[in-house]
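Scroll down for the structure; my scribbles are underneath it.
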Amino acid sequence: MGMLTIGAFAKACRLSPKALRLYDELELLRPARVDPETGYRYYAVEQLEQARLVAWLRRLGMPLARIRLVCALDGPAAGREVRAYWARVEAETATRRDLAAFLVDHLTGTSSQKDTAMWELRYAALSDTGLVRPANQDTAYAGARVLAVADGFGSAGAHASTAAVEALKILDRETLPAGSVLNMLDDAVRGATRAVRDAAAADKEAGTTLTAMLWTGSQLALVHIGDSRAYLLRDGELFRITHDHTLVQSMVDEGRLTVEEAAAHPQRALLLKGLTGDGAAPSPDLRLQDALPGDRYLLCSDGLSRVLTDADIERTLVSVPDPEEATRTLVARANDAGGPDNVSCVVADVVEAGHSRRL
């Protein structure tokens with residue numbers, strides 16, 4: 001078996017020695033031999049094919065955890081996994097394209113929006129203490145324009161989550177100037193940050209997550225901080241449209257944990273971002289989501305997403321057409337699974353005008 005030094009192997013497969021050392025630590029691409037005295041790594045010529053595959057997948061931007069999965073599959077299955085990954089990338093690129101088009105319209109004073117005067121939201125919100133926690137620190141809200149879920153933590157968590165949502169509810173009553181919805185939402189989050197700081201003044205470690213959407217009549221502007229989630233059900237298929245701001249999610253993204261390991265990790269609730277009493281202003285995720293008639297949106301706290309799988313959530317959203325009944329069913333199923341945490345959810349459907357019902 002021919003052997004190559006790490007330098008020669010790096011040059012042959014177009015991966016840097018630094019990357020090779022990382023992939024060794026992650027058990028993604030282990031060297032064939034390590035010198036016991038010097039610790040120097042040697043690779044077999046036969047490993048070049050796998051190394052080149054890793055390099056190609058990294059050029060695609062694929063996360064290391066998914067590369068590990070692709071490398072463990074045979075050719076046809078690996079090809080299907082790459083196809084599925086690229087379909088998701090194209091969908092995300094389409095979202096950024098829509099945002100770019102929106103900004104072009106805004107900056108040039110033109111408008112390419114279609115006539116959506118006949119669309120509106122049919123919605124419901126529900127929050128429950130669950131079966132274990134002594135009090136409910138969640139807040140859920142659904143209005144004609146604003147949908148929001150906040151999950152408080154710390155001694156002043158209930159006050160923090162309420163303050164964050166109250167700061168956004170004002171948008172339900174404001175006129176939305178054309179072309180500035182993201183700026184309005186960003187300003188509202190700044191207001192929520194100040195409100196949380198005031199509400200949690202006695203406990204700087206207390207705070208809240210915040211996942212909210214603002215309806216414009218044709219789009220939903222999304223703001224997201226923390227590990228509450230937003231989902232889209234479109235044509236019977238469920239998509240998660242937020243990314244958890246947690247330590248374990250960052251470790252999954254880096255390939256240091258599998259999804260299964262993350263679910264059981266003792267620090268799975270440790271947030272990297274949140275609105276807290278220390279007054280620091282985190283950078284939220286902001287995006288525009290094009291809406292279509294028949295779309296169904298779910299916002300939920302982790303009291304739901306941690307005990308129900310995405311498949312469980314999808315089945316409920318598909319099978320229960322009424323938003324109010326859907327929220328009750330989701331909360332009941334979380335409690336049936338043990339109800340270890342407060343659970344909150346908002347369900348909103350994009351419907352023709354005149355069919356909406358405020359609940």
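Sequence positions, counted from 1, serve as the residue numbers for this chain. Bear in mind the structure is a predicted one, so any value in this text is a computation, not a measurement.
Defined by atom type and a distance below 3.5 Å, a donor-acceptor pair is missing between the side-chain atoms of Ser127 and Asn342. Between the side chains of Ser161 and Thr139, at least one donor N or O lies within less than 3.5 Å of an accepting N or O. In this structure, a donor-acceptor pair under 3.5 Å is absent between the side chains of Tyr297 and Asp349. Side chains of Asp203 and Ser155: a donor-acceptor N/O pair is present below 3.5 angstrom, by distance only.
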Exercise for the section: Please assess Glu166 against Lys169 for the test salt bridge (Lys or Arg N to Asp or Glu O under 4.0 Å), listing each intermediate value before the final yes or no. Expected result: CA-CA 5 Å; Glu166 287 294 327; Lys169 284 169 64 174; 3.0 Å; yes
Exercise for the section: Begin from the C-alpha positions of Arg41 and Tyr43 and carry the test side chain to side chain donor-acceptor pair (under 3.5 Å) through to its verdict. Expected result: CA-CA 7 Å; Arg41 296 168 172 84; Tyr43 293 82; 4.6 Å; no
Practice task
Under the side-chain contact (heavy atoms from CB on, under 4.5 Å) rule, what do Thr309 and Glu314 come out as? Steps first, then yes or no, please.
Solution key: CA-CA 9 Å; Thr309 66; Glu314 180 180 293; over 6 Å; no
Problem - Derivation of the side-chain contact (heavy atoms from CB on, under 4.5 Å) call for Asn335 and Val307 - result: CA-CA 9 Å; Asn335 286 333; Val307 296; over 6 Å; no
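With hydrogens and angles ignored, the 3.5 Å screen pairs no side-chain donor or acceptor of Asp187 with any backbone N or O of Met184. Within the 3.5 Å criterion, the main-chain N or O of Ser228 finds no donor-acceptor partner in the side chain of Asp302. Gln47 places a side-chain N or O within donor-acceptor distance of the main-chain N or O of Arg30, the cut-off being under 3.5 Å. Side chain of His245 to main chain of Lys273: no donor-acceptor pair is present (N/O by atom type, distance under 3.5 Å, no hydrogens or angles). Remark: side-chain polar atoms of Ser344 are not paired, donor with acceptor, to backbone N or O of Ala140 under 3.5 angstrom. A donor-acceptor contact shorter than 3.5 Å is absent between the side chain of Glu25 and the backbone of Leu22. Between the Arg229 side chain and the His243 main chain, no donor and acceptor come within less than 3.5 Å of each other. The backbone N or O of Thr38 lies less than 3.5 Å from a partner atom in the side chain of Asp35, making a donor-acceptor pair. A donor-acceptor contact shorter than 3.5 Å links the side chain of Tyr85 to the backbone of Gly61.
The two atoms that bring Trp215 and Ala291 nearest to each other are CZ3-CB, 3.6 Å, heavy atoms only. Shortest non-hydrogen contact noted between Asp138 and Gly152 is OD1-N, 4.3 Å. Nearest heavy atoms, Leu271 versus Phe153: CD1-CE2, 3.6 Å. Considering all non-hydrogen atoms of both residues, Leu53 and Cys71 come closest at CD2-SG, 4.2 Å. Cys300 and Val149 make their closest contact through C-CG1, 3.8 Å (heavy atoms, listed as atom of the first residue, atom of the second, distance). Across Leu298 and Leu304, no two heavy atoms sit closer than the pair CD2-CD2, 4.2 Å.
Side-chain contact between Val350 and Arg296: absent, with no pair of heavy atoms (C-beta onward) separated by less than 4.5 Å. Side-chain contact between Leu292 and Asp235 is absent, with no heavy-atom pair separated by less than 4.5 Å. In this structure, Val248 and Leu270 have side chains that are not in contact, with every pair of non-hydrogen atoms separated by 4.5 Å or more. Contact of the Leu147 side chain with the Tyr141 side chain is not registered, since no non-hydrogen atoms from C-beta on lie closer than 4.5 Å. The side-chain heavy atoms of Val346 and Thr327, taken from C-beta on, include no pair separated by under 4.5 Å. Using a 4.5 Å heavy-atom threshold, the side chains of Leu28 and Ile67 count as touching. Annotation: side chain of Ile313 is in contact with side chain of Tyr231 (closest heavy-atom distance under 4.5 Å). Counting only heavy atoms from C-beta outward, the side chains of Gln219 and Gln289 never approach each other to under 4.5 Å.
Note that the CG atom of Asp290 and the CG atom of Leu232 stand 11.0 Å from one another [nearest 0.5 Å]. The distance from atom CG of Leu210 to atom CG of Leu168, rounded to the nearest 0.5 Å, is 5.5 Å. Expressed to the nearest 0.5 Å, how far CZ of Arg68 lies from OH of Tyr23 amounts to 11.5 Å. Between atom CG of residue Leu126 and atom SG of residue Cys345 there is a gap of 6.0 Å, rounded to the nearest 0.5 Å. Here the straight-line distance linking atom NZ of Lys18 with atom CG of Leu20 works out to 12.5 Å at 0.5 Å rounding.
Ionic pairing of Asp198 and Arg194 is not present here: no N-O contact between side-chain nitrogen and carboxylate oxygen is shorter than 4.0 angstrom. Arg234 and Asp295 are joined by a salt bridge, as a carboxylate oxygen and a charged side-chain nitrogen come within less than 4.0 angstrom of each other. Note on Arg333 versus Asp312: no salt bridge recorded, every NZ/NE/NH1/NH2 to OD/OE distance being 4.0 Å or above. Using a cut-off of 4.0 Å between Lys/Arg side-chain N and Asp/Glu carboxylate O, Arg122 and Asp322 are scored as salt-bridged. Between Asp24 and Arg21 there is no salt bridge, since no side-chain N of the basic residue sits under 4.0 Å from a carboxylate O of the acidic one. In this structure, Asp227 pairs ionically with Arg306, as a charged nitrogen and a carboxylate oxygen lie closer than 4.0 Å. By the 4.0 Å N-to-carboxylate-O rule, Glu49 lies too far from Arg52 to be salt-bridged with it.
Within 6.0 Å of atom CZ in Arg14, 12 or fewer heavy atoms from other residues, nucleotides or ligands are found, so the atom counts as exposed in its surroundings.
When each of Thr209, Thr211, Asp244 is checked for a side-chain hydrogen bond (donor to acceptor under 3.5 Å, both in side chains) with His224, only Thr211 meets the rule.
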Scan the side chains in residues 75-83 for donor-acceptor partners under 3.5 Å anywhere in the protein, sequence neighbours excluded, and list what turns up.
{"unit_1": "Glu81", "atom_1": "OE2", "unit_2": "Arg66", "atom_2": "NE", "d": "2.7"}
{"unit_1": "Glu81", "atom_1": "OE2", "unit_2": "Arg66", "atom_2": "NH2", "d": "3.1"}

